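First listed ligand is number 1; within each ligand, the first listed atom is number 1. Only a predicted model underlies this, so the values are computations on that prediction, with no experimental measurement involved.
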Amino acid sequence: MDRNLVLNLARVTEAAALNGAKWLGRGDKNAADQAAVDSMRKMFDTIDISGTVVIGEGEIDEAPMLYIGEKIGQRHEDSPKIDIAVDPLDGTNAVAKGGTDAIAVLAVAPEGHLLNAPDMYMNKLAVGPKGKGVVSIEKPIEDNLIALSKALNKDMSDITVVMLDRPRHDDYAQRIRKMGARIRFIQDGDVLGAIATCFDHVSGDILIGSGGAPEGVLAAVALKCLGGQFEGILLPKDDEEKARCERMGVECDKVYTIDDLVKGNESAFAATGVSHGELLDGVNFISKNVATTETLVLRQETGTVRFIKAVHHLDKKPEYAK
Ligand SMILES: O=P(O)(O)OC[C@H]1O[C@](O)(COP(=O)(O)O)[C@@H](O)[C@@H]1O
């Protein structure tokens, strides 16, 4: 994966964040999503790649842009062939309601290296590098918490589980409380929730629970770049979703390890904060034509972790970046 291409990814998520953020708290999640999608799509076409969207806004008949299978980028004869996973706005509800931790996010890998995850729920487990190898999605949460507290050298009462705040996680919540561990409930955005396990200054030692499978692949790329562990099991809710798994060539009961979700060692990841979060600042509109962003860029091959703070002069942006 070309190192300059990886830096260019920041431009794509920045553009999506800048435009998505205009909709903060305005109660219109579709408009927020659309703004982020349009900007991401336009910016991709300025980049020298022969890209295929493998995780995107839906099937071709559901989404006019960034649909699964869409070919994007400049697509010269010698442009690198890469697979792209996007979520132009992870946290559409959060943006609409003026909430925190929404991001514009994408991941890339050489052609054929990202799992084509269908849009359904996935049961997930993520831990950072220090907890890698001691937990398993197949083990009871109690065993995982004991193993993690040993590996991290933390008292159980200091272990923090990150989980989407959903009624379907009530059983987990009860069991975690019984063990004496803490829970950080997130309203949305389990890509950031998984990434939190890799940064000491953000609260969260393990992410568990179910969320979107596409977001699972995005999180897996980030965790692979950061040296963490991620596992996922697809959760089709009915026969229709089971049939979709079959059509897409993915298995329902299989534990997908990080290496199944992201093959090889050449993936990369970028996320720009849309609304304020613990890890990334949101877009801050400073004055009529000036806004700031913060972007996390990860490159698996070197393990480099970049936080890019940018000041944007919106009146000087070329057409493709507006
Ligand atoms: O809200 P649900 O149905 O529990 O789904 C959880 C999923 O939704 C999100 O919170 C937000 O996703 P979108 O904003 O892209 O729709 C994901 O991060 C998460 O994986």
Side-chain angles (χ1 to χ4, degrees), residues 13 16-17 19-21 23-40 53 55-59 62-63 65-68 84-107 115 117-126 137 162-173 184-197 204 207-223 230-238 241 256 261 269 271-275 277-280 282 296:
T13 53
N19 281 314
W23 292 90
L24 188 78
R26 290 170 64 183
D28 191 342
K29 66 178 199 165
N30 293 333
D33 197 46
Q34 196 56 56
V37 170
D38 290 349
S39 311
M40 197 174 250
V53 176
I55 286 182
E57 288 293 285
E59 307 281 333
E62 296 166 353
M65 256 189 253
L66 296 177
Y67 55 82
I68 297 165
I84 302 172
V86 298
D87 193 349
L89 214 47
D90 186 30
T92 41
N93 275 321
V95 172
K97 293 179 182 165
T100 58
D101 277 315
I103 54 172
V105 56
L106 65 85
L115 186 85
D119 190 5
M120 60 184 61
Y121 283 124
M122 172 187 263
N123 196 15
K124 307 176 189 181
L125 175 143
I137 199 165
V162 183
M163 211 161 55
L164 279 163
D165 188 7
R166 301 290 187 273
R168 63 177 182 268
H169 294 152
D170 283 354
D171 177 57
Y172 274 146
R184 177 161 74 90
F185 282 114
I186 51 175
Q187 296 312 312
D188 259 311
D190 62 357
V191 178
L192 266 189
I195 293 173
T197 63
L207 169 117
I208 60 162
S210 56
E215 286 87 346
V217 176
L218 285 160
V221 174
L223 275 270
F230 185 95
E231 292 172 346
I233 302 173
L234 289 167
L235 298 173
K237 68 172 187 294
D238 52 25
E241 288 197 348
Y256 279 98
L261 296 162
F269 175 94
T272 302
V274 177
S275 61
E278 265 192 272
L279 185 70
L280 292 171
L296 171 67

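For ligand 1, one of its N or O atoms has an N or O atom of Gly91 under 3.5 Å away. Backbone and side-chain nitrogen or oxygen atoms of Gly189 are examined, and one is located within less than 3.5 angstrom of a nitrogen or oxygen of ligand 1. Checking only distances, Tyr121 does come within under 3.5 Å of ligand 1, N or O to N or O.
Inspection of the Gln34 and Asn30 side chains reveals no N or O donor paired with an N or O acceptor under 3.5 Å.
For atom 1 (O) of ligand 1, the nearest protein heavy atom (residue, atom name, distance) is Arg166 NH2, 2.9 Å. With respect to atom 7 (C) of ligand 1, the closest heavy atom belonging to the protein is Gly212 N, 3.8 Å. Protein heavy atom in closest approach to atom 10 (O) of ligand 1: Asp188 OD1, 2.5 Å. Scanning all protein heavy atoms for the shortest distance to atom 16 (O) of ligand 1 gives Thr92 OG1, 3.6 Å. Asp90 OD1, 2.8 Å is the protein heavy atom nearest to atom 18 (O) of ligand 1. Of the protein's non-hydrogen atoms, Leu164 CD1, 3.7 Å is the one closest to atom 6 (C) of ligand 1. Shortest contact from atom 15 (O) of ligand 1 to any protein heavy atom: Asp87 OD2, 3.0 Å.
Ligand 1 has no atom lying under 4.0 Å from any heavy atom of Gln187. Not a single heavy atom of Glu57 sits under 4.0 Å from any atom of ligand 1.
Between Leu115 and Ile55, the shortest heavy-atom contact is O-CD1, 3.6 Å. Pairing each heavy atom of Gly273 with each of Ala17, the nearest pair is O-CB, 3.8 Å. Annotation for Asp87 and Leu218: closest pair CB-CD1, 3.7 Å, computed over non-hydrogen atoms. In terms of heavy-atom proximity, Leu207 sits nearest to Gly193 at CD1-C, 3.7 Å.
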Verdict with reasoning, Thr13 to Leu106, per side-chain contact (heavy atoms from CB on, under 4.5 Å): CA-CA 7 Å; Thr13 53; Leu106 65 85; 3.7 Å; yes

Candidate pair Val217 and Tyr256, rule side-chain contact (heavy atoms from CB on, under 4.5 Å), full reasoning: CA-CA 10 Å; Val217 176; Tyr256 279 98; over 6 Å; no

Leu192 vs Val105, side-chain contact (heavy atoms from CB on, under 4.5 Å): CA-CA, chis, key distance, verdict: CA-CA 10 Å; Leu192 266 189; Val105 56; over 6 Å; no

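Residues Lys124 and Phe230 are in side-chain contact: their nearest non-hydrogen atoms beyond the backbone lie under 4.5 Å apart.
Going from atom CG of Leu66 over to atom CD1 of Ile84 covers 8.5 Å, rounded to the nearest 0.5 Å.
For His169, no heavy-atom contact with ligand 1 is shorter than 4.0 Å.
Listed by atom number, the atoms of ligand 1 under 4.0 Å from Gly211 heavy atoms are 20 (O). Less than 4.0 angstrom separates some heavy atom of Lys124 from each of these atoms of ligand 1: 20 (O).
Closest heavy-atom approach to atom 19 (C) of ligand 1 within the set Asp119, Asp190, Ile103, Leu89: this belongs to Asp190.
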